[in-house]
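What follows is one structure encoded as structure tokens, with my remarks underneath.
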Amino acid sequence: MKLPLYGWLTAETISLLGTRVSMLAIPWFVLETTGSPAKTGLVTLFELTPLVLGKVFGGPVIDRIGPRRVAISCDVGSTVVVGLIPLLYAADLLHFPILLLLVALAGSLRGPGDSAKASMIPQLVEAAGVPTERATGLHSFVERTASMLGAAAAGLLIGLVGATNAIVIDAASFAVGALVLAATTARLNRVPATGTNEPTEDPVPYRDQLAEGWHFLRRDRVLLGMAVMVALTNLIDLAYSSVLMPVWAQQHASPEMLGLLFATFTGFAAVGSAIAATIGDRMRRYPTYLICFLVTGIPRFLVIAFGAPLWVVFVVFAIGGTTSGFINPILGALQFERIPAPVLGRVMSLISAFAWGLMPLGGLLGGTLVSGFGLTTALVACGIAYFVITMFPAVDPTWKQIERRPEAHAREEALR
């Protein structure tokens, strides 16, 4: 029964495209309507903070009522909240505090919604009868492709129809995604293997459920180490993409060249994800993880820092993008193999919160480094930090556990 898997992937594609459009359309809308970069940054803060908190505190809800219901409900709610932005603006009722409230609500819905969609993967894998790496690889391909196309579409839409109408399209994407997910995954409720969708006579209190998820994550050194690693690399990646690379482009290239470089990296990452989806279950995880992070990490910092010819930069970005496409399928498979079904939503939400938790500080980190030490030093420092963080598993033997591919019943034994 592969329809639920492909329907989920389709819904994710639609939702991710809309999200990528809003990532550019909402800041552009704020700049157009207020003319204030400070207010634009404030809007981002008001969106990201509830998003991270929603990931943390939404986990027990996902486990209690089921990831499918939470995912669909959050997309429907996002349709309403995001749709109110252009509607209130057209009625001349969108004062800035109201905008902050709406983006905060949008973030608080997107956090648990994203975690719920990810928590559906074990059910989808079981129903489709495919390896976990196949599903996580396909999702990584969808995510990379949607990021590349969504960023390009956002620029075109804003230029053609304006930021306000681009936000309308974003709201519509949530509605279509919810409809596709609801229609194609309805039969998952009949598959009895993964969630805890049935209410219990004596449900565990919410606070205890939340604590149980944290205690499980804290006890698993591999999962906790992975969560910390992703948090730190995301911090550096955001400093790199939001400050260091734009400064480089301003000094040595152009905005068009910067966009082309990012599109090259993302496009080849989609290719790598497609390959990983095909052969990932037959590859050794530990050396693949180390080699791919080595290739996709420090080289792209150094070629920019030391002024390599542009063709070399493009080659490094293409190769690094390809190898980066193998990383998320490995990390995703690890999560679904090591986390028992009854706490999947809570632990996945916590891991996702780790991943997003430091990102609001990325721009501040990049700006501080460039202002204090210059672009070259900032790039080298971030590259070395990225190398140390991602190569730590090479000296920690615990990480060799990622080679094990446990059977489904073994995950249940971890709770006993």
Side-chain angles (χ1 to χ4, degrees), residues 7-8 10-34 36 39-55 58 61 67-117 142-143 146-147 149-185 356:
W8 174 79
T10 302
E12 277 284 78
T13 302
I14 296 167
S15 179
L16 287 167
L17 282 170
T19 299
R20 297 304 181 266
V21 168
S22 69
M23 285 174 66
L24 182 57
I26 291 179
W28 199 278
F29 170 79
V30 177
L31 281 173
E32 279 188 336
T33 56
T34 70
S36 171
K39 287 185 175 180
T40 304
L42 193 60
V43 166
T44 302
L45 177 65
F46 266 70
E47 181 180 11
L48 288 181
T49 302
L51 187 149
V52 174
L53 294 175
K55 287 178 179 292
V61 179
R68 178 178 178 271
R69 295 174 187 170
V70 173
I72 294 171
S73 299
C74 286
D75 273 0
V76 172
S78 296
T79 302
V80 176
V81 171
V82 176
L84 281 173
I85 296 175
L87 183 63
L88 292 177
Y89 177 70
D92 200 24
L93 296 173
L94 188 66
H95 306 297
F96 189 66
I98 296 176
L99 176 62
L100 291 179
L101 174 62
L102 290 175
V103 296
L105 288 172
S108 65
L109 287 167
R110 184 181 161 198
D114 288 351
S115 297
K117 290 171 187 173
V142 162
E143 184 178 23
S147 296
L149 297 179
L156 289 174
L157 285 170
I158 292 171
L160 290 173
V161 301
T164 306
N165 289 324
I167 296 173
V168 173
I169 293 172
D170 176 34
S173 73
F174 282 113
V176 175
L179 182 62
V180 171
L181 192 65
T184 58
T185 62
W356 283 82

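In this structure, S78 OG and L105 CG are separated by 9.5 Å, a value rounded to the nearest 0.5 Å. From Y89, atom OH reaches atom CG of L102 across 15.0 Å, with rounding to the nearest 0.5 Å. A distance of 6.5 Å separates CZ in F29 from CG in L99, rounded to the nearest 0.5 Å. To the nearest 0.5 Å, atom CD of residue E12 and atom CG of residue L17 are 11.0 Å apart. Between T10 atom OG1 and L181 atom CG the span is 10.0 Å, to the nearest 0.5 Å. Distance SG/C74 to CG/L109: 5.5 Å, rounded to 0.5 Å.
The minimum heavy-atom distance linking V76 with A178 is given by the pair CG2-CB, 4.0 Å. Shown here for A175 and T79, the closest heavy-atom pair between the two residues is N-OG1, 3.0 Å. Heavy-atom minimum distance, R68 versus A182: NH2-O, 2.9 Å. Annotation for P112 and V70: closest pair O-CG1, 4.0 Å, computed over non-hydrogen atoms. Scanning both residues, V103 and L100, for their nearest heavy atoms gives CG2-O, 3.2 Å. Between D75 and S15, the shortest heavy-atom contact is OD1-OG, 4.5 Å.
Judged by distance alone, the side chain of S173 and the main-chain N or O of D170 form a donor-acceptor pair under 3.5 Å. No donor-acceptor pair closer than 3.5 Å links the side chain of W8 to the backbone N or O of T185.
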L93/I98 under side-chain contact (heavy atoms from CB on, under 4.5 Å): CA gap, chis, key distance, verdict: CA-CA 9 Å; L93 296 173; I98 296 176; 5.7 Å; no

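A heavy-atom distance below 4.5 Å is not found between the side chains of P50 and R110.
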